[in-house]
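Here's the structure, in C-alpha coordinates; my notes come after.
Side-chain atoms are counted along with the backbone in the values below, which use heavy atoms only and exclude waters and symmetry mates.
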Amino acid sequence: MIGGDHRLLLPFAAICSAALLLAADTIGRLAFSPTVLPVGIVVAFVGVPVFLHLIVSRRREAFA
(Lines give C-alpha, C1' and ligand atoms only; values in the text may rest on other atoms or scores of the structure.)
Protein backbone atom coordinates (compact mmCIF):
# COMPACT_ATOMS: atom_id res chain seq x y z
CA MET A 1 0.00 0.00 0.00
CA ILE A 2 2.79 2.41 0.89
CA GLY A 3 5.78 0.95 -0.93
CA GLY A 4 9.27 0.09 0.16
CA ASP A 5 10.38 3.49 1.47
CA HIS A 6 11.03 2.96 5.17
CA ARG A 7 10.57 6.65 5.97
CA LEU A 8 6.88 6.20 5.17
CA LEU A 9 6.48 2.50 5.90
CA LEU A 10 7.48 2.59 9.57
CA PRO A 11 5.08 5.37 10.67
CA PHE A 12 2.29 3.83 8.55
CA ALA A 13 2.79 0.44 10.21
CA ALA A 14 2.78 2.03 13.67
CA ILE A 15 -0.43 3.93 13.00
CA CYS A 16 -2.18 0.91 11.47
CA SER A 17 -1.16 -1.40 14.31
CA ALA A 18 -2.30 1.13 16.91
CA ALA A 19 -5.64 1.45 15.15
CA LEU A 20 -6.00 -2.35 14.97
CA LEU A 21 -5.32 -2.74 18.70
CA LEU A 22 -7.69 0.11 19.57
CA ALA A 23 -10.45 -1.44 17.46
CA ALA A 24 -9.77 -4.91 18.91
CA ASP A 25 -9.93 -3.57 22.45
CA THR A 26 -13.20 -1.78 21.75
CA ILE A 27 -14.73 -4.88 20.16
CA GLY A 28 -13.48 -7.05 23.03
CA ARG A 29 -15.09 -4.79 25.59
CA LEU A 30 -18.40 -4.40 23.76
CA ALA A 31 -18.91 -7.91 22.32
CA PHE A 32 -19.78 -9.62 25.61
CA SER A 33 -20.68 -6.63 27.72
CA PRO A 34 -20.44 -7.93 31.30
CA THR A 35 -17.12 -9.67 30.60
CA VAL A 36 -14.03 -8.49 28.76
CA LEU A 37 -12.68 -10.50 25.82
CA PRO A 38 -8.86 -10.30 25.65
CA VAL A 39 -7.37 -8.21 22.85
CA GLY A 40 -5.24 -11.11 21.63
CA ILE A 41 -8.28 -13.22 20.86
CA VAL A 42 -9.93 -10.48 18.82
CA VAL A 43 -6.68 -9.76 16.93
CA ALA A 44 -6.29 -13.49 16.22
CA PHE A 45 -9.77 -13.59 14.65
CA VAL A 46 -8.59 -10.91 12.23
CA GLY A 47 -4.97 -12.00 11.85
CA VAL A 48 -5.33 -15.71 11.14
CA PRO A 49 -7.48 -15.34 8.00
CA VAL A 50 -5.23 -12.56 6.69
CA PHE A 51 -2.12 -14.67 7.35
CA LEU A 52 -3.64 -17.70 5.61
CA HIS A 53 -4.61 -15.53 2.64
CA LEU A 54 -1.02 -14.29 2.35
CA ILE A 55 0.35 -17.83 2.46
CA VAL A 56 -2.06 -19.11 -0.19
CA SER A 57 -1.57 -16.12 -2.51
CA ARG A 58 2.24 -16.33 -2.27
CA ARG A 59 2.13 -20.05 -2.96
CA ARG A 60 0.07 -19.46 -6.13
CA GLU A 61 2.57 -16.83 -7.30
CA ALA A 62 5.47 -19.23 -6.72
CA PHE A 63 3.95 -21.99 -8.85
CA ALA A 64 2.63 -19.71 -11.59
Side-chain angles (χ1 to χ4, degrees):
M1 289 182 355
I2 285 291
D5 187 11
H6 290 286
R7 292 176 294 164
L8 298 175
L9 185 63
L10 191 61
F12 181 74
I15 290 170
C16 285
S17 61
L20 173 67
L21 287 177
L22 183 63
D25 185 49
T26 303
I27 291 169
R29 290 178 189 268
L30 296 177
F32 304 104
S33 187
T35 61
V36 176
L37 194 63
V39 174
I41 293 173
V42 179
V43 171
F45 276 118
V46 173
V48 169
V50 171
F51 184 67
L52 291 175
H53 171 70
L54 288 173
I55 290 174
V56 170
S57 67
R58 301 291 173 154
R59 179 176 281 176
R60 286 185 195 154
E61 291 175 3
F63 290 121

Indicate if F45 and I27 have the same hydrophobic cluster label, given that clusters are the connected sets of ILVMFWY residues with side-chain heavy-atom separations under 4.5 angstrom. yes
| query | V42 and F32: same hydrophobic cluster, using ILVMFWY side-chain contacts below 4.5 Å? | reply | yes
Checking D25, L22, L20 against V39 for side-chain contact (heavy atoms from CB on, under 4.5 Å), the one that qualifies is D25
Q. What do you reckon, is CG of L8 surrounded by more than 12 foreign heavy atoms closer than 6.0 Å?
A. yes
Heavy atoms of S17 and A14 approach each other most closely as OG-O, 3.0 Å
For P49 and A44 the tightest heavy-atom approach is CD-O, 4.1 Å
